[in-house]
2 protein chains.
Amino acid sequence: MNNYGDEILKLSNQICFPLYATGKEIVRRYQPYLEKYDLTYTQYIVLMVLWEKDHVSVKEIGSHLYLDSGTLTPLLNKLIKKGYIRKEKAPRDERELIISLTKEGEELKKEIIEVPPKIAKKVKLNQEEAKMLYTLLYKVLDGFKEDE
Amino acid sequence: MNNYGDEILKLSNQICFPLYATGKEIVRRYQPYLEKYDLTYTQYIVLMVLWEKDHVSVKEIGSHLYLDSGTLTPLLNKLIKKGYIRKEKAPRDERELIISLTKEGEELKKEIIEVPPKIAKKVKLNQEEAKMLYTLLYKVLDGFKEDE
DNA sequence: AATAATTAAATTGCATGCAATCTAATTTTA
DNA sequence: TAAAATTAGATTGCATGCAATTTAATTATT
C-alpha cells in the first residue's frame, strides 16, 4: 500500500527522535559556557525571560518556557540563593509570586551575551536554514498547543 | 536603548530555545500513550533500537541515542525488571554487555506500532515540511558531532 | 454572604541526563 | 612481556522535568 498517509506517518515518526536528541544536545552544549556563570541552561533561559521583561509571575515564566511549578519552584530558589533574582508576593493577588532581577542578575546580562554566538557557531546552519528550522519548530510547538 | 546585545538575548531570536522546548514536548506528548505499556519515552527508544537490530552493546545503544552509561545502566535494569530485555557479557570482550530482546520485548513491537501514528497526528506538518525539518535537525546533530 | 469552583505555587515521587570518577578488561607500547 | 594507556560499564551526585496532590487565595454561584 504505502500511500501518502503512510509516508507522512513514517516521517513524522522519524522526526520525533531527532527533535528529542537535538534538544538534549543543545542543553549539553550550552553547559560548559554557562558553567563560568554558575548557571545551568534552564536557569539561563529563566533569566532570559526576565531580561526581556522583569517582574513576572512564576506562571508567566512557565508559559514562556513550557515549564511547570514543579520544575520552576526549586530552580527559582536556586537563582535566589545565587543572588540573581528575588521573589515577592503580588500585592493584588497573594497567590502569585512576582520574580524580579537583582542588580547582580541585571549585570549578568551584559556578560552573558558572549555565550549565544559561541553556540551559534557550532550550529552549522546558514541564515536561511536557521530561519526555516525556526519556523518549522514553532509550527510544531504551536500545533501541540492547539490540541490541549 | 535596545541595542545589539538585547536582540541576541531575546528568546524569540534564538534557535536553541525552540529546539530545547520542542524536544521536551515530544517526550511529554509520548508519555500518555506509552503509559499503557509501562514505558517511558527513553525506554521506548531503547527498545526501538533493539527492534531494528537485536543483540547490541550498551555503547552502541548509547551512540544511537546520544545517551551515556550513566543514563542507560539504570534504564536497562528497569527494562530487564519489566521483562523486555536481557543482558549478558560479550564472550569476546568481557567489558561489553550485549543487550537482547526477550520474547515479551519482541512481542511488544507489534502492539506498540499503534503509538507513533497518534503522535504523528499531533505534529501538524505536511510531508514537505516534515522532510525539511528532518534534514535540518540532522544537519544540526551532525554539525555537533563534527566538533567533538 | 456562604459554598463551590478555580487558580497559583509548593510539594512529592519518579525517571531521566550528564559530568566525573571508579573498576575491570583489553590494547598498546616501551 | 610488564607497565601504561585505553575502553566499556557502573556508580555518584546534582539538576531537571513532569504528573499528581496539596495548600492558600480568589472568583463564581446560589
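Only heavy atoms go into these numbers, but all of them, side chains included; no hydrogens, no water, no symmetry mates.
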Measure the distance from CD1 on B:Ile45 to C1' on C:dA15 and round it to the nearest whole Å.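 The answer, rounded to whole Å, is 13 Å.
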
Using atom CZ of B:Arg28 as one end and atom C1' of D:dG17 as the other, report the distance to the nearest whole Å. 10 Å

I want to verify a distance call: between C:dA10, D:dG9, C:dC18, whose nearest atom is closest to the A:Lys87 side chain?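 Minimum distance to the A:Lys87 side chain belongs to C:dA10.
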
A:Thr40 has its side chain closest, among D:dA15, C:dG17, C:dC18, to D:dA15

Position toward the 5' end of DNA chain D (nearest nucleotide), B:Gln31 or A:Pro74: A:Pro74

Assign each of B:Thr73 and A:Lys82 to its nearest nucleotide of DNA chain D by heavy atoms, then name whichever residue's nucleotide is nearer the 5' end.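 With B:Thr73 and A:Lys82 compared, the 5'-side residue is B:Thr73.
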
Could you check whether any side-chain N or O of B:Asp68 sits under 3.5 Å from a backbone N or O of B:Thr71, counting only pairs where one atom can act as donor and the other as acceptor?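 Side chain of B:Asp68 to backbone of B:Thr71, a donor-acceptor pair under 3.5 Å: yes, one is there.
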
Scan nucleotides 20-26 of chain C nucleotide by nucleotide, 5' to 3', and note B when protein non-hydrogen atoms come under 4.0 Å of the base, S if they reach only the sugar-phosphate, - if neither. -----BS

Residue pairs, two or more places apart or on separate chains, that pass salt bridge (Lys or Arg N to Asp or Glu O under 4.0 Å) and touch residues 69-84 of chain A: A:Asp38-A:Lys82

DNA chain C: 5'-proximal contact among B:Thr71 and A:Asn77 (nearest heavy atom): A:Asn77

Assign the ring pair B:Tyr44 / B:Trp51 to parallel, tilted or perpendicular, where the plane angle (0 to 90°) is split at 30° and 60°.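 Rings of B:Tyr44 and B:Trp51: perpendicular, over 60°.
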
Parallel, tilted or perpendicular for B:Tyr41 and A:Tyr20, by the 30°/60° rule?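 Taking A:Tyr20 first and then B:Tyr41, their aromatic rings stand perpendicular (interplane angle over 60°).
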
Sole candidate of A:Lys36, A:Lys109, A:Lys121 that passes salt bridge (charged side-chain N to carboxylate O under 4.0 Å, His left out) when paired with A:Glu114: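 Running salt bridge (charged side-chain N to carboxylate O under 4.0 Å, His left out) over A:Lys36, A:Lys109, A:Lys121 with A:Glu114 returns exactly one hit, A:Lys36.
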
Categorize A:Leu72 for me: base, sugar-phosphate, or nothing, with a 4.0 angstrom heavy-atom threshold over every strand shown. nothing

So A:Tyr33 and A:Ile112, do their side chains get closer than 4.5 Å, heavy atoms only? no

